[in-house]
Amino acid sequence: MTKQATTPAEAVIGQAIDRVDGRLKVTGRAKYASEFPVEGLVYAQGVNSTIAKGDITRIDTAAAEAQPGVIRVITHENALKLASPDADRLELSTTSIAPVLQSPEINWYGEWVAVVVAETIEQAQYAARLVEVEYNRAEPKVDFAQDAGYAPDVQPKYERGDVDAGMAEADERVEVTYRTPVEHHHPMELHAVIAEWEDENLELHLCSQMVNDNAKGIADTFMIPKENVRIIAPFIGGGFGSKLQAQEHVMLAAMAAKMIGRPVQFTVTRQQMFTNTSLRQENLQRMRIGATRDGRLTALVHDTTSHTATNKEYQEPCGAASKMLYKVANNRVNYNLVPINLPYPWAMRAPGEATGSYALECAMDEMAWKLGMDPVEFRILNDTQVDPSNDKPFSSRLLTECLRIGAKKFGWADRPLEPRSRREGNWLVGYGVSAASRQAPLQLSAARVTVYRDGDTVTATVQTDATDIGTGTYTILAQTAADFLGIPVAAVTVQLGDSRFPISPGSGGSWGAASFTNGVRAACMKLMEEIKVAAGTDATEGQGIADLMDDADLSEYAAVGSAAPTEEFKNHSVYSFGANFCEVWVDVDTNMARLKRILTVGAAGTILNPKTAYSQVLGGLVMGHGMAFMEQSKVEKQYGNFITRSLADYHVPVNLDLADVQVVFLPEDDKIANPMGVKGIGELGICGVAGSLANAVFNATGKRMRDLPITPEKLITTKIEPGVTVSR
Ligand code: MOS
């Protein structure tokens, strides 16, 4: 046989190939939601409330409507009737409805009060400023710290053993509260949508992490069948959770398109993304840990108080890791939620686990120091192969390996043993460590694979409604199909993000890579089996797909397959694990903290593509660094508005802040997780990072930083912990 080499010499899964969509992106040919050329397109501009609580008493749109190019101004007085929530507070989910402009009531500063539609974006923006709104203003509640709140059903109280007895039997106790501020997602691509109706059918170009769930949320909001809604989302410029729901602006665009009978584009501005596209809520996390003198945990209590909107409910699960990361018989995780007049909170990268691991990993460090133990050894001593929250074995748990290998590669043995004991010129030097864990779910995920034969050459198209939010979905699915069909990556075309394609769970919760690749694998295997049957062979190897199609006299063939969690999966706890090691320098005069180097070790099963995987974890580390030292959305308490309203006020790390970053993946073969052995890494990279940095700041300065972000002014005003020897 002298056919074109359609069978790759070696598996391409696991190779650090370049992104298959990289060229499209850098040449601007990858189209994002707002960029689709749609005939007759008009533009919408949202208008925001200037009070945080109260009612609209009068809204005057005459001046705006009189402007050239203005087609319609929509307010609560003329808006279409949408579905209404079943309860006073709408429980947010990836399929939740998002009614908007349904009443004159205002729940937070910046809530949508009108939308202006015009022929050009400039006309819409100008006219939006002319909408006059008068309010009956009530006193907003924007502070929640003193409120007991209520116990949210979405995060029920969890308890095992007897925590009071566990605390009583402890030799050492840590009882402290950690605070994390409001943060915003701020993906690079602004939230945007183009909506167009044809009769009762709605088509949307939408930056959506989950097209199937969002189609449901939109359909339910407009009270039409889900089949009538089509979402097209081939490229998404980041989401970090904020694009998991179809939010109000999506409904405003669709409402406007319906009312005027033309396609409408709505882009939420960067400033509006502080008030209209969700946020990570502020959390107060009360940690109580008890341990024996020899370092065994006797109790772990994690009580979280957070805020939610007055009309919408969400609670991030800050105690998720506290239930399962360490072996401790007596454990309680509890939540209080306080409704206030701020925009609604929602999932942001590693919801609960990013913020919860800061509290847990700092508390563990505080305990290790009290015990006089190496914090790495303290964690290893309390490691477990059985999930204490449900008594299921972990499918594979390499936490100790992550800690040991990380410690060796980082040079942990050279750490300053005493806090505030090492100085380099004007800088105090500290080392910090944290453990990381993140659930590695698998969700039902389908794909269609179509192969085309032209002589001896076979090409393939993979279709699934899965999304690529910048993570590399196109690339890993091309790699998967190439290996399971036995053709080169270049012969595979991947098509994503169309709700007409087979249903996947979408990008979220670190389940994307595992779910999508197993779905594509299943479709490819089904296709190969069916072609073999058609070719009349049961040979397990030897013949490439071109020969088989030739023998079966096929020039084109398609199959749909799907993957779902197995019974074995359900009988195990399936998580990715990691460890972060970092070195932080703190200037003794300015109290500016700088990250000098960070090394993270991850055990996340099969690494499909080390290049895109590195990039994912790097992104998590950057976000964890931002969380520790920079990110915070500050509320002006009198008005209830955010005063950080641009990327000039809301600081995120830049290249210079990052210094020396190393990412190490441990080999891990976890076929219980799924047949591909893939475990999520999208969120693992942020988990524990802020904790390791705060622990390094303690090692450098002797100060426990229990309130993020760790700014120079907080470092100056925080006292050195009692018991730290101050020689400098
Ligand atoms: Mo993630 S917070 O599920 O995008």
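Treat the numbers as computed from the prediction; the structure is a model and nothing was measured. All values below were derived from every heavy atom in this structure, side-chain atoms included, with hydrogens, water molecules and symmetry-related copies excluded. Whatever order the structure lists ligands and atoms in, that order sets their numbers, starting from 1.
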Report the relative orientation of the aromatic rings in Phe577 and Tyr575; use parallel for angles under 30°, tilted for 30 to 60°, perpendicular for over 60°.
tilted

Surrounding NZ of Lys31 (heavy atoms of other residues, nucleotides or ligands, distance under 6.0 Å), is the total greater than 12?
no

Using 4.0 Å as the upper bound for N to carboxylate O, is an ion pair formed by Arg280 and Glu631?
no

Residues forming a salt bridge (Lys or Arg N to Asp or Glu O under 4.0 Å) with Lys634, sequence neighbours excluded:
none

Select all protein residues for which some heavy-atom-to-ligand 1 distance is less than 4.0 Å, and list them by chain and number.
Gln209, Phe240, Gly241, Leu244, Ala347, Met348, Arg349, Pro351, Gly508, Gly509, Glu683

For the NZ atom on Lys312, are there more than 12 heavy atoms of other groups (residues, nucleotides or ligands in this structure) within a distance under 6.0 Å?
yes

Once the angle between the rings of His249 and Phe266 is folded into 0 to 90°, is it parallel (under 30°), tilted (30 to 60°) or perpendicular (over 60°)?
tilted

